[in-house]
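Read the structure below first, then the notes.
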Amino acid sequence: MSDFVMGIETSCDETAAAIVDKGRNILSNIVSSQIKIHNKYGGVVPEIASRKHMESIIPVIDSALKESKITLDQLSGIAVTYGPGLVGSLLVGLTVAKSISYAQNIPLIGVNHLEAHIYANFLEHKRLKPPIICLIVSGGHTSLVHINDYWDYKILGQTVDDAAGEVFDKISKYLNLGYPGGPIIEKLASKGDSTAIAFPRPLLNKHNYDFSFSGLKTSVIYYIKKLILEKKPIPQNDILASFQIAVADVLAQKTIKAALNTGVNTIALAGGVAANCYIKTFIENMAQNNKIEVFSPSQKLCTDNAVMVASAGFYQLKNKKQSNLSIDAVSRLAISSNE
Ligand code: KG4
Ligand code: ZN
């Protein structure tokens, strides 16, 4: 028996729709990215993002249906991100999902975007089972989550200022390298010497699991400004490699400390920054030394997509968690097992 769920994702700058069968079997995965439009501003412009979602959402849903070769009346549910994210953008996906739910008389499942990022791991790794320490690192979030059981989460720590991906984006913007900064910096950093400059590792010695990246960003920018003032050459690739290793080091040490202190020997990485091979390998190596196994989604499912939303929605529905049509978009939404 098939069990088709459509996922819709419009929380930031990607308009995405996907059809997934039984939570794991991907029938279609359509992502329409607005990267080119926001590139010239060096970051996402919320007003432009919602307008672009309005233009793209129906064609994206049509493509997802066409590619999967199923029709709306074969769906057993419609899952949609309702937060956290840009409210104007979330509302576009939410309104379309509500309309489909109402017209087709199928359950509507509001999905937390961060939980969806976690589900990208469950979707691809059958072997992965709670308890897990999950590090969610994206453009908007840096959170360490203790997944005790499916739908039983506890946030151990999060960023007190900028998210990890946000710092990649801001440094890239400062250097006029383009948006999103993550993949661009990863490429340039691979040609640099990561030991060239000892940038700070913020909050590493604090006895908690919180992160802070804003000071690191300022150190990198001041380092460059000083070289400009002194009319010295700027070793850009070395600076970026030294910055990247500082991020990797903090993420790895905090995540592994969380795993060791909770007695959990499985780590899952999620979110756009988990697409960074250098950071992923850095965490994997440190984990291996501590006999901890690391799982992460394939690159395509690390960054925003609707497959992860459909998958989380399928398992929510199985768990009898569905939403009613009055569900609203929520800009700041924590992961919570009591929703
Ligand atoms: O998960 P995502 O697509 O959207 C959010 O939920 O925020 O993550 C996007 C973020 C951006 O900040 C981007 O620069 C970062 O993920 N990112 C990366 C890489 N690919 C994407 N950061 C570092 N290295 C990468 N290769
Ligand atoms: Zn995301």
Side-chain angles (χ1 to χ4, degrees), residues 7-16 18 29 31-35 38-39 41-44 46 49 80-86 89-90 93 111-121 134-143 145 158-159 162-175 177-190 192 194 213 216-217 220 240-241 243-248 250-252 268-283 296-309 311-312 331-333 335:
I8 294 182
E9 159 64 44
T10 61
S11 69
C12 191
D13 58 345
E14 256 98 32
T15 317
N29 176 18
V31 181
S32 165
S33 176
Q34 304 176 3
I35 282 174
H38 298 288
N39 198 349
Y41 305 103
V44 178
V80 59
T81 304
Y82 75 102
L86 303 169
S89 294
L90 288 164
V111 171
N112 180 315
H113 183 76
L114 300 178
E115 287 179 7
H117 271 302
I118 295 174
Y119 267 79
N121 277 292
C134 185
L135 172 69
I136 308 173
V137 261
S138 69
H141 309 275
T142 306
S143 306
V145 185
Q158 50 201 329
T159 181
D162 290 356
E166 192 179 351
V167 176
F168 274 86
D169 296 337
K170 285 180 173 168
I171 290 178
S172 180
K173 184 178 179 183
Y174 176 73
L175 290 168
L177 297 173
Y179 172 83
I184 303 167
I185 291 184
E186 182 180 11
K187 203 164 162 207
L188 295 172
S190 71
S194 64
F213 290 108
L216 172 60
K217 171 193 69 191
V220 174
L240 295 177
F243 153 71
Q244 185 174 250
I245 197 176
V247 175
V250 174
L251 293 176
L269 308 177
V273 181
N276 183 304
C277 291
Y278 180 87
I279 295 180
K280 212 170 77 172
T281 312
F282 193 98
I283 298 174
S296 49
S298 57
Q299 285 223 328
K300 214 172 158 188
L301 294 189
C302 279
T303 46
D304 286 352
N305 64 84
V307 168
M308 65 187 194
V309 178
S311 179
S331 64
R332 290 174 152 265
L333 179 67
I335 283 190

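As the structure is a prediction and not an experimental result, all values here were calculated from the model. Just so you know, ligand 1 is whichever comes first in the structure, and atom 1 is the first atom listed for that ligand.
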Worksheet entry | Best match, Gly43, Gly139, Pro84, Pro183: closest heavy atom to atom 9 (C) of ligand 1 |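 Ranked by closest heavy atom to atom 9 (C) of ligand 1, first place is Gly139.
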Worksheet item: Has His117 got any heavy atom lying under 4.0 angstrom from an atom of ligand 1?
Response: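 For ligand 1, residue contact (heavy atoms, under 4.0 Å) with His117 is present.
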Item to complete: Say whether Gly140 and ligand 1 are in contact under the criterion: heavy-atom distance to a ligand atom below 4.0 Å.
Response: yes
Worksheet item: Taking it one step at a time, do Thr142 and Val273 satisfy side chain to side chain contact (heavy atoms under 4.5 Å, CB included)?
Response: CA-CA 9 Å; Thr142 306; Val273 181; over 6 Å; no
Can you tell me which residue and heavy atom of the protein come closest to [atom], and the distance to 0.1 Å?
atom                    : value
atom 26 (N) of ligand 1 : Glu186 OE1, 2.8 Å
atom 17 (N) of ligand 1 : Gly272 O, 3.5 Å
atom 3 (O) of ligand 1  : Asp304 N, 3.0 Å
atom 25 (C) of ligand 1 : Gly182 C, 3.5 Å
atom 6 (O) of ligand 1  : His113 NE2, 3.2 Å

Discussion item. Looking at every non-hydrogen atom in both residues, tell me the closest pair between Pro183 and Pro180 and how far apart they are.
Written reply: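 Closest approach of Pro183 to Pro180: CD-O, 3.5 Å.
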Output yes when the distance from some N or O of ligand 1 to some N or O of [X] is under 3.5 Å, and no in every other case.
X      : answer
Asn276 : yes
Pro180 : no
Phe168 : no

Judged by atom type as modelled, is there a donor-acceptor pair below 3.5 Å linking the side chain of [X] to the main-chain atoms of [Y]?
X      : Y      : value
Glu9   : Glu14  : no
Asn29  : Ala18  : no
Ser296 : Leu269 : no
Thr10  : Thr15  : no
Thr303 : Gly272 : no

Discussion item. Using 30° and 60° as the class boundaries, would you call the ring planes of His113 and His117 parallel, tilted or perpendicular?
Written reply: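 Ring orientation, 0 to 90° scale: perpendicular.
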Worksheet item: Which count of protein N, O or S atoms is obtained for distances strictly below 2.8 Å from the Zn ion (ligand 2)?
Response: 3
Which ligand 1 atoms, with their elements, are less than 4.0 angstrom from a heavy-atom of [X]?
X      : answer
Thr303 : 3 (O)
Asp169 : 11 (C), 12 (O), 13 (C), 14 (O)
Val273 : 16 (O), 18 (C), 22 (N)

Discussion item. As an exercise, state the distance from CG of Asn39 to CG of Leu177, rounded to the nearest 0.5 Å.
Written reply: 10.5 Å
Worksheet item: Rounded to the nearest 0.5 Å, how far does CG of Asp162 lie from CG of Leu216?
Response: 10.0 Å
Fill in: Gln34/Cys12 under side chain to side chain contact (heavy atoms under 4.5 Å, CB included): CA gap, chis, key distance, verdict
CA-CA 9 Å; Gln34 304 176 3; Cys12 191; over 6 Å; no
Item to complete: Begin with the C-alpha distance, continue with both residues' side-chain angles, and end with the deciding distance and a verdict on side chain to side chain contact (heavy atoms under 4.5 Å, CB included) for Gln244 and Asn276.
Response: CA-CA 10 Å; Gln244 185 174 250; Asn276 183 304; 2.9 Å; yes
Worksheet item: Going through the distances and angles, do Ile335 and Ile118 end up as a side chain to side chain contact (heavy atoms under 4.5 Å, CB included)?
Response: CA-CA 11 Å; Ile335 283 190; Ile118 295 174; 3.8 Å; yes
